[in-house]
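Presented below is the structure to which this report refers.
Labels below follow one simple rule: chain letters A, B, ... track the order of the sequence lines, proteins then strands, and each chain is numbered from 1.
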4 protein chains.
Amino acid sequence: MTESRGERKRRANGEESRRRILDAAAEIAGERGYEGTSIALVSEKCGLPASSIYWHFKNKDDLLAAVIERSFDIWVDVLALPGDDSEPMPERLAAMAVKVAKTLLDSPDFLRLGLMLTLERRPEEPSARRVFLQVRETARARLAAVLARVAPDADRDTIETITTYAIAATDGLFIAKEIGGDSVDLLRLFELLGRTLYDSLTRLTGGSPATETP
Amino acid sequence: MTESRGERKRRANGEESRRRILDAAAEIAGERGYEGTSIALVSEKCGLPASSIYWHFKNKDDLLAAVIERSFDIWVDVLALPGDDSEPMPERLAAMAVKVAKTLLDSPDFLRLGLMLTLERRPEEPSARRVFLQVRETARARLAAVLARVAPDADRDTIETITTYAIAATDGLFIAKEIGGDSVDLLRLFELLGRTLYDSLTRLTGGSPATETP
Amino acid sequence: MTESRGERKRRANGEESRRRILDAAAEIAGERGYEGTSIALVSEKCGLPASSIYWHFKNKDDLLAAVIERSFDIWVDVLALPGDDSEPMPERLAAMAVKVAKTLLDSPDFLRLGLMLTLERRPEEPSARRVFLQVRETARARLAAVLARVAPDADRDTIETITTYAIAATDGLFIAKEIGGDSVDLLRLFELLGRTLYDSLTRLTGGSPATETP
Amino acid sequence: MTESRGERKRRANGEESRRRILDAAAEIAGERGYEGTSIALVSEKCGLPASSIYWHFKNKDDLLAAVIERSFDIWVDVLALPGDDSEPMPERLAAMAVKVAKTLLDSPDFLRLGLMLTLERRPEEPSARRVFLQVRETARARLAAVLARVAPDADRDTIETITTYAIAATDGLFIAKEIGGDSVDLLRLFELLGRTLYDSLTRLTGGSPATETP
DNA sequence: TATGAATGAGGTTTCATTCAT
DNA sequence: TATGAATGAAACCTCATTCAT
């Protein structure tokens, strides 16, 4: 009577079906954007009928928003300074940048979809776009906090500007990688970015970031 | 009393019709991307019936490729060092960066569509995407030539790396502006970018860019 | 009071819908051929919206192939020698030919569509055509087997030739009926054909078909 | 001033344009039938714009009717008894049948299109179909006349029946060739047909066709 | 004797979504 | 917790045809 019957027919399992749908949608949406992601395509890829997708998600908008939402945790861990305070800051920043690069290489669909949603301007904004921008704002705040720790003397405006730069560079380098493929050494570029950020902080602040205090 | 009646049946005029279709398509595609650009929408905006669009363009793909192609000239003039050789290089680079920023602010549709096309990974690549990447490659070559003039001693690899950075930063800052709207001062950010590029060239090359020769 | 209300929203019933679509498509395609059979026409005749047709069939090609396939059983029973072995062969062959004629008169759509598909030479052959030729090949084999029983001494080549003749005559007489309408007595012509076949077998084989051996 | 100017630009030449259009239409219609023959396709194949086709022909229907009409003369010569009266009739009939077969092999598009038009039943009959049936009726009359010469004693009904048979066999063997391709020896089959016709005439008439009276 | 351009109707197919079971 | 079936709207594109030049 319980679910331990052991029969082969895939037991109706809401959790797993939901996950399969999200996996399929994430992959397709990462490749083809909002309009390019059709329910029929998702249905085919995840093996569940279209109507089942509508059992789990209110509509296409809701599904794509869930895709974005689920990917948030990816960035939670990444945006933290690695190493302990005995190590020099430039190295720690560079190491964090490399972590970011690795994450982009591992699961590029999330950012690709997010950027597509960002660039599109349709009459009624998809909630997936809204969710992405929220997630991005959260990430931005974390990065600003990290940079503020790196340069405690910097004023708020400088931190904001450098944060904007850092995120812009991240987006741009990701795109460069998408275009250039193997000819682009993302890790090296991001390491360089990390050091550049440190330099900029130093210069704009007036020459005394955190680690210089012996 | 002349033929400028404007109403009823417009006199057949291929050149102008083609232009109107391209204008409409450029605007819509810049906002909504490849899939979001429906022929019906373009038809409505340009006033010609959908079937007339197919007289001028083989299909949707062809139309969007033409949109991209036509926008190329925008970048031809922008990517040239302004000023004459008596002015210091850092100022000239910064001025060019500001020109780029102004162009992005003036006609953002071209780059927005291009980036959307770039990010999408459809089974059969739209030729619009191919055309955009060609245009982009041409622009990249022009920029590399400019940077090589700025730092004549730099080796090829350094120039390539800095060029990649510069383009990535351009893409990224454009996106930042798209998201941030009026809160992002694109001109200031691009001016800063111009100077940063000069610094990077200087540092990576070993301290002697072009203007130092008295 | 029961569910036989019939009006408003028909209860979903895949089996029956599929049959209705096939019926409509068979009738239209039999009259107007492959290109002339539009999904809109089928939709109108069967009462289901066009999109529902695409639930049951992958595309128009698939639909017409199914139409042909379903009609195969018509020929299964027809191509068998009627009567028992005590009756003289010429009569039995003639009786079979008459059965064929009756079938053609009863449901001419199948052969008409099939012949149209056969005559068309489109760049990519419709699978409906392929299916028809398969069915036809099966029918041909059955007829050859019957003729081999009628003339056991005949060599393979003779049987093949006469079979080709028989089928050609069937096609041709069917067309004659299509053109001539009531002025063509198909039954009489087919009876004659049956006897002619017997004569041909006799002559080509050397004068000793099956029934002569009492 | 005359047309001897010798310049390269193809001189506007109604006759030749018309011929080119008809050639293209004949080929396409022979392959794809009435509906499958689009003006755009014909335009592409003959190199003239669609509007020029409408200068030469009232509409698609008119064009296809002209295609059929032009092919009539093909049959004028074919349906005549070759040889002179000193030769035996069976040989002369067989020779004529072989001529028919050769014509079918040489220009199969005419009959293929004609049969397609015959089989289709659309609401308003295309005039191309009407013209084909007229041509066919003329051909039928010629054939009946030939058969009447072959068997002067035969009554009208017998001649009509054999004529119907002959045409049906012709149609059917043509189709067999279309399906079977190289595996079908059309010449041999038609020679056989010629002899069979002679036999049938003989038998149905009571044993005394023309050539027996030496 | 042509033809570039235009056009409304209709073609096949896919879309997101709903609903009864 | 699902899903087979259905559906109106809209997608892209081709159709036969016309008309001003």
side-chain hydrogen bond (donor to acceptor under 3.5 Å, both in side chains) partners of C:Arg130, counting only residues at least two apart:
none

By side-chain hydrogen bond (donor to acceptor under 3.5 Å, both in side chains) - contacts of A:Asp23 (at least two apart)
A:Arg19, A:Arg70

Set of side-chain hydrogen bond (donor to acceptor under 3.5 Å, both in side chains) partners for B:Arg129, sequence neighbours left out:
B:Glu125

Using the criterion of both pairing distances under 3.5 Å for Watson-Crick and G-U wobble pairs, give all stems of 3 or more consecutive pairs involving DNA chain F.
E:2-21 with F:2-21

Rounded to whole Å, how long is the line connecting atom CG of B:Asn13 with atom P of E:dT3?
20 Å

Roughly how far apart are B:Thr37 OG1 and B:Leu63 CG, rounded to 0.5 Å?
8.5 Å

With respect to the phosphate group of E:dT14, does any side-chain polar atom (N or O) of A:Ser38 fall under 4.0 Å of OP1 or OP2?
no

Under the salt bridge (charged side-chain N to carboxylate O under 4.0 Å, His left out) rule, what pairs show up with a residue in residues 49-59 of chain D, not counting sequence neighbours?
none

Which of residues 26-35 of chain B sit near DNA chain F, with a heavy atom under 4.0 Å from it?
none

Could you measure the distance from the CZ atom of A:Phe132 to the OG atom of A:Ser71? Nearest 0.5 Å is fine.
10.0 Å

Which donor-acceptor pairs under 3.5 Å do side chains of residues 28-35 of chain B form with protein atoms, sequence neighbours excluded?
{"unit_1": "B:Tyr34", "atom_1": "OH", "unit_2": "B:Asp61", "atom_2": "OD1", "d": "2.9"}
{"unit_1": "B:Glu35", "atom_1": "OE2", "unit_2": "B:Arg122", "atom_2": "NH1", "d": "2.2"}
{"unit_1": "B:Glu35", "atom_1": "OE2", "unit_2": "B:Arg122", "atom_2": "NH2", "d": "3.4"}

Roughly, in whole Å, what's the span from CZ in C:Arg19 to P in F:dA5?
15 Å

Counting the atoms with a prime plus P, OP1 and OP2 as sugar-phosphate, which does A:Ser43 contact under 4.0 Å by heavy atoms, base, sugar-phosphate, or nothing?
nothing

In Å, rounded to the nearest 0.5 Å, how long is the span from CD of D:Glu69 to CG of D:Leu64?
12.0 Å

How many angstroms lie between CD1 in A:Ile53 and OG in A:Ser17, if you round to the nearest 0.5 Å?
10.5 Å

To the nearest 0.5 angstrom, please state how far the CD1 atom of A:Ile21 sits from the OH atom of A:Tyr54.
11.5 Å

Using side-chain contact (heavy atoms from CB on, under 4.5 Å) as the criterion, list what pairs up with D:Met116, not counting sequence neighbours.
C:Leu119, C:Glu120, D:Arg112, D:Glu120

Go through residues 45-55 of chain D and report each residue with a non-hydrogen atom lying under 4.0 Å from DNA chain E, sorted by number.
D:Leu48, D:Pro49, D:Ser51, D:Ser52, D:Trp55

Would you say D:Ser17 reaches E:dA2's phosphate, i.e. side-chain N/O to OP1/OP2 under 4.0 Å?
yes

CG of B:Leu117 to CD1 of B:Ile68, rounded to nearest 0.5 Å, is 5.5 Å

Listed in order of residue number, which residues of residues 56-64 of chain B have a non-hydrogen atom at under 4.0 Å from DNA chain E?
B:His56

What pairs of donor and acceptor atoms, side-chain ones from residues 43-52 of chain A against any protein atom, are under 3.5 angstrom apart with sequence neighbours left out?
{"unit_1": "A:Ser43", "atom_1": "OG", "unit_2": "A:Leu48", "atom_2": "O", "d": "2.8"}
{"unit_1": "A:Lys45", "atom_1": "NZ", "unit_2": "A:Glu27", "atom_2": "OE2", "d": "3.0"}

